[in-house]
Amino acid sequence: MAVPTAERIGALRERMSGPVVAPGDQEYDEIRKVHNGLVDKYPSLIARCTNTADVVAAVKLGREAGLEISVRGGGHNVAGKAVTDGGLMIDLSLMKAVGIMQGTGGSPVGHVEWTNVRAEGGVTWGELNDVTHADGLATPGGVVSTTGIAGLTLGGGFGWIQGKYGMAVDNLVEAKMVLASGEIVVAREASEPDLFWAIRGGGGNFGVATSFEYRAYPLTTVLGGIVAHPLESAVDLMRLYREVTASASDDMTVFFGIVHAPDGSGTKLSALVVCHVGDEDDAAREVKPIKEFGPPIMDAIERIPYPVQNTLLDAGYPRGALNYWKSGFFSELSDEVAEKMAAALERAPHPLCGMAIEQFHGKVTRVPVTATAFPHREPGFNLILTGVWEDHAQTEECIAWTRETFESLRPHMSDRVYVNYLDKDDGTRVTSAYGPNYDRLVEVKRRYDPDNVFRLNANIVP
Ligand code: FAD
C-alpha cells in the first residue's frame with residue numbers, strides 16, 4: 001500500500017483549512033474510531049475537511065499519492081466502510097452547517113411555496129432535526145439520532161415518517177458532489193440527472209457529497225413511543241402487528257421488536273414502536289388497537305416532539321459498542337417467524353442483542369422501482385438483526401448467534417437486502433441490494449468514477 005510522503009502531507013496541510021491528522025497525533029486514535037467498536041483500522045492520514053474546497057484538496061492528494069480513500073459522514077456504517085487501513089480517510093464530521101431555505105417559486109412576494117433544509121455532509125439526523133424542529137418542520141431521516149445524514153441518504157434512508165413523506169432520497173432536491181476528478185458538481189434533476197438518480201440509493205460510489213438539500217414539511221409533534229409486552233406474547237403481538245399494518249394509513253408507521261428492556265434488567269420483551277403523524281383524533285383512533293392489546297408491561301405511547309421520536313431507540317446503540325448485523329426483507333410474516341425470533345432472543349448472548357421488523361408502506365412504495373437507484377419499493381417488512389455487545393471476549397459468540405438466527409429466518413425471506421444494512425461479510429449480496437438498478441448504476445459509475453476511486457462502500461465495480 002502507498003504511504004504519503006512528509007512532503008505531500010505538508011502540502012495538504014497548506015491547502016486545507018481543516019486539520020490533517022496523522023498517526024502519532026494526539027487526537028488520531030479518537031478520530032479514526034467509528035460507531036462500531038469492532039472496526040479497528042489505521043488510516044495513514046485523516047483529512048478533517050471543513051468545506052468543499054478541503055474535500056477537493058483531499059481527493060486530489062489521495063489520488064496523486066495512490067492512497068485508498070474512505071469517506072466518513074456520521075461513521076455509522078456497521079461494515080466500517082468509513083475508515084481505511086493505511087489509506088486516506090476524508091472525514092466530514094466537522095462539516096455541521098444546517099439551514100432552512102424558502103422560495104416563492106415566482107408567486108407574489110411573501111407567499112412561500114417551498115421550504116427546504118440544507119445540511120453539510122457531517123451532520124447527524126439529531127442535529128438536522130433540532131434545526132428543522134425549531135421552525136416547526138421535519139424531513140424523513142433515520143430512527144436513531146446519531147446516524148449520519150450522508151451515508152443514510154445515499155443508501156436510501158428510511159425512518160418514522162416514510163409512509164407519509166417517503167424515504168430520504170425521495171425528498172432529496174440536490175447534493176453538492178466532489179467527483180473522483182476533483183471537479184465540483186451539483187447533482188439535481190435539472191443538472192447531472194444520471195448522477196442525481198444514482199446517488200439516490202447507489203451509496204458513496206460516485207463522489208463525496210459535501211451538502212444535501214431536502215424538502216421539509218410542517219410537523220412538530222407525533223403520537224409515538226414504545227409499548228412493551230412479555231416475550232411470551234410475541235406470536236399474539238405479531239398477529240396484531242399484521243392486522244394494524246395491513247390497514248395502516250400513510251400517517252402511521254409501526255416497527256415490531258424482539259428485544260431486551262433498556263433498563264439493564266435483561267428482561268426479554270416483545271414490543272411495538274409507533275409513530276403517527278396525523279391529527280390527534282386520527283392518531284388516537286388508529287393507535288387504539290395497539291393500546292388496547294395487553295395488558296402491556298409498559299405503554300409509553302404519547303404525543304411527543306418529532307426529534308424525541310428519533311431518540312427513542314438511541315440507548316440500544318451506544319457508540320463504541322461492538323456490532324455485527326444481518327438484514328433482509330421478509331416474504332411472509334407468519335406465526336413461525338415470531339416463534340423463531342422469540343426463541344432466538346432466549347439464547348441471545350448479550351442484552352444489547354435484538355431484532356426489529358421495519359414496515360415499508362405508503363409513499364415509499366408508490367415510487368417506481370427505477371425512478372431512483374433505491375429499488376425496494378414493494379410494501380412489506382424488513383428484518384434488522386442487530387448483534388450488539390460490549391466485550392471483545394464475546395465477539396465469536398455474538399457473531400455466531402447473529403448468523404444462526406439469520407439462517408433460521410432465511411426461509412421466510414426474499415433475497416432482497418437494504419444496502420445500508422450490509423455487514424462486512426455480505427459482499428456477495430451487493431447486487432441484490434441494488435436489484436434491477438444495478439446495470440444502470442454500473443454505467444453511471446463508469447462515467448463518474450471509472451477508476452473506482454470511491455470503492456470503500458457497497459461497491460459498484462466499473
Ligand atoms: P458512514 O459510516 O460515515 O458512511 C457510510 C458509507 O457512506 C460509507 O461507504 C461512506 O464511505 C459513505 N459516505 C459517508 N458519507 C459520505 C459522503 N458525504 N459522500 C459520499 N459517501 C459518503 N438506515 C436507515 O435507512 N434508517 C435508519 O433508521 C437507520 N438506523 C440506523 C441506526 C444505527 C444505530 C446504525 C448503526 C445504522 C442505521 N442505519 C439506518 C443504517 C445507516 O443508514 C448506515 O449505517 C449509513 O451508512 C450511515 O451513514 P453515516 O454517514 O453515519 O455512515
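In each ligand, atom 1 is the first atom listed, and ligand 1 is the first ligand listed. Computed from heavy atoms alone, side chains included, the values below leave out hydrogens, waters and symmetry copies.
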Determine whether the side chains of [X] and [Y] contain a donor N or O and an acceptor N or O closer than 3.5 Å.
{"X": "Thr245", "Y": "His361", "answer": "no"}
{"X": "Gln359", "Y": "Thr253", "answer": "no"}
{"X": "Thr210", "Y": "Glu120", "answer": "no"}
{"X": "Arg403", "Y": "Tyr324", "answer": "yes"}

> Given Arg15 and Asp54, is the salt bridge (Lys or Arg N to Asp or Glu O under 4.0 Å) satisfied, shown in steps?
Replying inline: CA-CA 7 Å; Arg15 266 194 266 166; Asp54 280 0; over 6 Å; no
>> Check whether Tyr42 forms a cation-pi arrangement with Arg32 (NZ or CZ under 6.0 Å from the six-membered ring centre, at most 45° off the ring normal).
In response: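 Yes, Arg32 sits over the ring of Tyr42.
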Non-hydrogen atoms of [X] versus ligand 1: any pair closer than 4.0 Å?
{"X": "Val208", "value": "yes"}
{"X": "Gly156", "value": "no"}
{"X": "Gly207", "value": "yes"}

Ligand 1 to [X] polar contact by distance, N or O atoms, under 3.5 Å:
{"X": "Gly159", "answer": "no"}
{"X": "Asn420", "answer": "yes"}
{"X": "Thr210", "answer": "no"}
{"X": "Val71", "answer": "yes"}
{"X": "Ala209", "answer": "yes"}
{"X": "Gly75", "answer": "yes"}
{"X": "Leu152", "answer": "yes"}
{"X": "Val143", "answer": "yes"}
{"X": "Gly74", "answer": "yes"}

Taking the minimum heavy-atom distance to [atom], which of [options] ranks first?
{"atom": "atom 41 (C) of ligand 1", "options": "Tyr317, Tyr421, Trp160, Phe374", "result": "Tyr421"}
{"atom": "atom 26 (N) of ligand 1", "options": "Phe212, Tyr418, Trp125, Phe158", "result": "Phe158"}
{"atom": "atom 7 (O) of ligand 1", "options": "Ser70, Gly141, Gly151", "result": "Gly151"}

>> Tell me whether the rings of Tyr418 and Tyr421 are parallel (<30°), tilted (30 to 60°) or perpendicular (>60°).
In response: perpendicular
>> Can you tell me which residue among Phe330, Phe255, Phe158 is in a side chain to side chain contact (heavy atoms under 4.5 Å, CB included) with Asn382?
In response: Phe158
>> Considering non-hydrogen atoms of the protein only, which is the closest contact for atom 37 (C) of ligand 1, and what is the distance?
In response: Trp325 CH2, 3.6 Å
>> Within the 4.0 Å heavy-atom shell around Gly157, which atoms of ligand 1 are there?
In response: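 The atoms of ligand 1 under 4.0 Å from a heavy atom of Gly157 are 25 (O).
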> Would you call Lys164-Asp251 a salt bridge at under 4.0 Å N-O?
Replying inline: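 Yes.
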> Are any non-hydrogen side-chain atoms of Tyr306 and Ile161 less than 4.5 angstrom apart?
Replying inline: yes
> What do we get for Leu92 next to ligand 1 when only non-hydrogen atoms under 4.0 Å count, side chain, backbone, both or neither?
Replying inline: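 It is the side chain that gets close, since no backbone atom is under 4.0 Å.
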